[in-house]
Amino acid sequence: MIVSHSPHILHKITTNKLYLLFIIGLLFPTAAGIYFFGMSALFVILVCIVSAILFDFIFQLILKKKPHLSLSTIITSLLLALVLPPTVPWWIPVFGVIIAVGIVKYAFGPGNAIFNPALAARTFLAVSFPLLMSTYVAVDGTTSATPLAVAKLNGFSSLVAQYSTTGNLYFDLFIGNRPGCIGETSAMLILIGGLFLICFKVIDWRIPFFYLGSVAVLSFAFGHDVLFSLLSGGLLLGAFFMATDYVTSPLSRKGKIFFAIGCGLLTVILRIYSGYPEGVAFSILLMNAAVPLIDRLVKPKPFGY
Amino acid sequence: MLSFKKGVVLLDLKLATLSQIVAMPLPSKVMIPLLQHTGIECKPLVKIGDKVALYQKIGDSSLGLCAPVHASVSGTVVDLIRSDISGTECISVVIEAKPDKAPELVRDNSVLKRSTDELLAIVREAGIVGLSGSCFPTHIKLKPPKAVDSLIINCAECEPYLTCDHRLMLEYAPDIISGIKAEMQILGVDKAYIAIESNKRDAIHLFKELLHGERNITVKVLRTKYPQGAEKVIIKSVLGRDCPHSKLPFDVGVVVSNVATVKAVFDALFFRKPLIERVVTVSGDVRHSQNMLVRIGTPIKELIAFCGGYSSEPRKLIVGGPMMGACLSTDEAPVTKGTNCVLVQSKPVLLEPSHCVRCGRCVDACPYNLMPTIIAKASEHRDFILANSYHAMECMECGCCAFVCPAKIPLVQHIRLAKHEISARMRK
């Protein structure tokens with residue numbers, strides 16, 4: 001007879017099943033990226049994933065762990081690929097993977113990372129290789145600036161002039177017909193992937209809802225076009241796939257709301273007042289750093305307290 | 001429908017045992033532990049070789065919190081052995097049964113004319129304890145140190161597989177209602193609530209019919225969710241009152257009584273019948289799952305045999321429900337006052353824990369609003385001060401957290417260790 005502790009029935013969910021579902025959700029923006037940016041995007045994605053598996057094995061051997069395929073590493077590498085411009089040379093994703101997997105994941109320990117590994121690697125690359133990481137191409141391959149960059153430099157009206165009407169602008173932003181990182185351009189497919197994850201209870205709806213909600217409210221308060229703010233840059237990708245990362249977001253429901261609102265506030269403030277046209281990566285990383293504090297201050301109230 | 005926040009929705013798994021309660025034939029030998037309740041062990045009142053009659057008191061103690069123990073069969077005492085086979089280490093009285101004419105039980109319809117203290121004495125003499133598994137002596141429960149205004153009858157039976165309370169409600173409803181009225185009189189309350197989960201529609205219907213016109217007893221329907229039957233949870237669902245931390249229900253003016261206990265109180269008051277048998281649900285991997293009326297002290301293997309035996313090689317034997325039950329190492333263990341269910345698993349879940357990914361599902365599931373993963377991690381690192389600061393002592397080990405954990409971490413086990421250490425240090 002086996003004698004073990006209660007409970008004696010368990011839910012059939014496992015972490016690997018959650019990771020698999022997350023990868024399925026990520027396949028939507030991945031497909032959009034390959035469709036719009038073609039072979040160069042596919043190349044970056046494959047380099048990311050293959051080098052991630054390779055370096056994962058190497059780090060596991062260094063740490064004397066049994067070498068195994070880790071789904072979370074595949075997620076990190078795919079996420080990293082989705083936030084890189086499609087035209088980066090092969091060594092950028094490799095370098096990024098070493099940082100994401102080696103430093104952010106293994107140095108802190110699996111399950112203990114403070115920063116979102118993909119975003120931290122991306123930010124490191126953006127700061128170290130600013131020219132390569134801010135060169136974007138339009139869908140037809142010509143070098144052009146992202147809509148957010150145009151709006152910041154020349155104003156929103158000149159961006160609209162590029163697309164003739166705001167209607168055209170919204171449409172192109174929605175389907176993904178614009179320059180940007182591989183996975184961030186197609187709002188439509190990101191939303192499908194994100195809603196898929198929420199329906200299958202892989203991610204908590206509170207984070208994308210309050211992140212996007214606070215961006216909408218604050219953009220409106222600053223007199224900016226709300227729909228443009230929501231559809232441009234890496235906001236949707238960040239809200240559904242980056243900010244919702246388990247390890248780097250708060251544990252409690254209330255904590256997640258604070259976290260998401262903090263991300264929203266920082267995103268809008270950085271977009272308007274910082275030197276960069278986009279603020280999503282920095283704002284999520286800054287809020288990641290605040291998560292231990294949020295977890296300590298915002299706790300659910302037990303019965304009778 | 002009344003409900004509470006968080007918790008988990010579980011599969012019912014009650015279909016197999018919804019048939020009528022069957023009385024099990026007399027066992028040939030019973031092993032009656034002298035500690036089947038919260039409190040101190042009874043002292044044996046018989047010695048080896050004594051002849052005992054059914055209903056005879058065989059153990060009692062006046063040195064502390066205690067409920068007496070009675071012979072569940074007539075026969076001869078063959079052994080007084082010290083063993084922990086029932087889960088707690090104590091002396092057990094082993095009686096070899098000899099079929100004998102059972103003493104007549106005469107109904108006393110004027111029992112409620114007696115004083116509260118006399119009624120409580122009758123309840124104590126009958127050895128009544130909480131039959132939902134808690135086994136707290138009922139005569140103490142029904143005399144709370146503070147005045148109470150409400151009585152909640154716990155008919156939730158939220159654990160999967162269990163149907164003993166449900167069948168009891170369907171087959172003994174009038175007795176249960178008389179028992180409720182008796183408890184209301186003892187407690188001096190004028191409001192009682194029968195709290196039933198929504199998956200027991202026939203019982204709800206039956207009680208609503210029988211209580212038609214009764215102003216003081218109301219049926220409250222609760223949403224079927226685990227752990228609806230937990231004391232603090234059911235008080236919150238039914239009355240909306242928050243039981244203060246480290247306090248008991250009487251601190252918010254409530255007494256919660258399990259429906260099987262109420263039936264036992266009825267038997268004790270109106271028939272002077274001591275607690276010598278109870279309804280047990282036997283389910284899982286046995287040939288014929290069913291509810292049985294079993295004499296206290298019957299070896300569990302006889303229950304399994306009566307159910308047609310194991311349907312496949314048993315790997316786990318659980319006393320209680322699948323969420324909070326305890327494992328037995330052998331089926332020789334006896335049925336005690338707290339044995340509400342015997343579950344057999346031939347394909348048990350074998351845990352392969354991986355590391356915590358901070359998904360937060362445990363925090364989302366905990367009905368007491370705790371943060372199980374943090375307490376468990378603190379316990380693993382032996383930081384019991386941190387575990388205490390996250391209210392580890394509030395945990396009632398319902399198992400919701402470990403149930404939902406995708407990493408299959410034994411959260412309840414870690415938290416239980418923390419609770420054990422914290423209370424040991426508090427006692428110092």
Side-chain angles (χ1 to χ4, degrees), chain A residues 1-22 65 68 70-72 75 105 108-114 201-207 244-256 259 288 291-292 295-296 298-305, chain B residues 8 10-11 160 232-233 236 242-247 314-318 320 322-331 343 345 348-351 354-361 363-364 366 368-371 373-374 390-391 394 397-400 402-408 410 412-413 416:
Chain A
M1 291 286 188
I2 297 175
V3 174
S4 70
H5 207 273
S6 61
H8 306 289
I9 48 173
L10 295 178
H11 199 289
K12 290 210 165 62
I13 194 75
T14 62
T15 41
N16 274 345
K17 282 186 194 167
L18 285 173
Y19 288 154
L20 262 173
L21 285 170
F22 196 85
K65 285 202 182 119
H68 60 277
S70 161
L71 280 178
S72 62
I75 291 177
K105 190 178 164 206
F108 284 105
N112 288 319
I114 304 207
K201 303 210 169 82
V202 180
I203 62 174
D204 194 332
W205 62 269
R206 290 170 182 85
I207 294 185
T244 53
D245 176 46
Y246 295 146
V247 179
T248 52
S249 58
L251 283 170
S252 58
R253 292 171 171 177
K254 260 191 284 185
K256 287 178 180 151
F259 172 79
N288 282 158
V291 162
D295 266 343
R296 229 177 301 154
V298 184
K299 295 186 231 181
K301 197 170 70 78
F303 259 135
Y305 271 91
Chain B
V8 283
L10 298 174
L11 289 177
K232 293 192 182 177
V233 172
K236 180 78 184 183
D242 258 334
C243 201
H245 64 98
S246 11
K247 292 273 196 307
R315 304 289 311 284
K316 247 198 207 184
L317 195 60
I318 302 163
M323 292 297 286
M324 284 186 73
C327 273
L328 290 176
S329 53
T330 162
D331 58 8
L343 249 191
Q345 282 185 340
V349 172
L350 293 169
L351 276 184
S354 51
H355 66 89
C356 170
V357 290
R358 288 174 52 94
C359 65
R361 280 164 138 78
V363 179
D364 276 346
C366 180
Y368 278 39
N369 260 353
L370 305 174
M371 299 181 88
T373 178
I374 297 190
Y390 275 87
H391 317 296
E394 295 298 307
E397 300 170 33
C398 66
C400 287
F403 179 80
V404 294
C405 180
K408 309 298 173 206
V412 181
Q413 207 162 353
R416 204 183 212 201

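Just so we're on the same page: letters track the sequence lines, and every chain starts at 1.
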Please determine whether a side-chain nitrogen of the Lys or Arg among A/Asp204 and A/Arg253 lies less than 4.0 Å from a carboxylate oxygen of the Asp or Glu.
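Salt bridge between A/Asp204 and A/Arg253, a charged N being under 4.0 Å from a carboxylate O: no.
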Would B/Tyr390 and B/Leu370 count as a side-chain contact (heavy atoms from CB on, under 4.5 Å) here? Give the steps.
CA-CA 7 Å; B/Tyr390 275 87; B/Leu370 305 174; over 6 Å; no
Given a strict heavy-atom distance threshold of 4.5 Å, which part of [X] is in contact with chain A: side chain, backbone, both, or neither?
X: B/Lys232; result: both
X: B/Lys247; result: neither
X: B/Ser246; result: neither
X: B/Leu350; result: side chain
X: B/Glu394; result: side chain
X: B/Leu317; result: both
X: B/Met323; result: both
X: B/Cys356; result: backbone
X: B/Ser354; result: side chain
X: B/Ile374; result: side chain
X: B/Pro348; result: side chain

Find the one option among A/Ile203, A/Val3, A/Leu10 whose heavy-atom pairs under 4.5 Å with chain B are most numerous.
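Of A/Ile203, A/Val3, A/Leu10, A/Leu10 has the most heavy-atom pairs under 4.5 Å with chain B.
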Look at A/Pro110, A/Ser252, A/Pro250, A/Ser249 and state which one has the largest set of heavy-atom pairs under 4.5 Å with chain B.
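Maximum pair count with chain B is reached by A/Pro110.
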For chain A, find which of [options] contributes the most heavy-atom pairs closer than 4.5 angstrom.
options: B/Ala407, B/Ser329, B/Cys405, B/Gly320; result: B/Ser329
options: B/Cys400, B/Gly325, B/Cys398; result: B/Gly325
options: B/Asp242, B/Val363, B/Val349, B/Val357; result: B/Val357

Under a 4.5 Å heavy-atom cut-off, does chain B meet the side chain of [X], its backbone, both or neither?
X: A/Leu18; answer: side chain
X: A/Asp295; answer: both
X: A/Thr244; answer: neither
X: A/Lys256; answer: side chain

Exercise: identify the closest heavy-atom pair between [X] and [Y]:
X: A/Lys105; Y: A/Ser72; result: NZ-OG, 3.3 Å
X: A/Val298; Y: A/Gly255; result: CG1-N, 3.6 Å
X: B/His355; Y: A/Gly111; result: CE1-N, 3.7 Å
X: B/Lys408; Y: A/Lys12; result: NZ-C, 4.3 Å
X: A/Thr248; Y: A/Ala113; result: CG2-O, 3.7 Å
X: A/Lys254; Y: A/Lys299; result: NZ-O, 4.3 Å

When you compare the side chain of [Y] with that of [X], does any pair of heavy atoms fall below 4.5 Å?
X: B/Val404; Y: B/Val8; result: yes
X: B/Pro314; Y: A/Met1; result: yes
X: B/Tyr368; Y: A/Pro302; result: no

Could you state the interatomic distance from CG (A/Asn288) to CZ (A/Phe259), rounded to the nearest 0.5 Å?
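Separation between the atoms: 5.0 Å.
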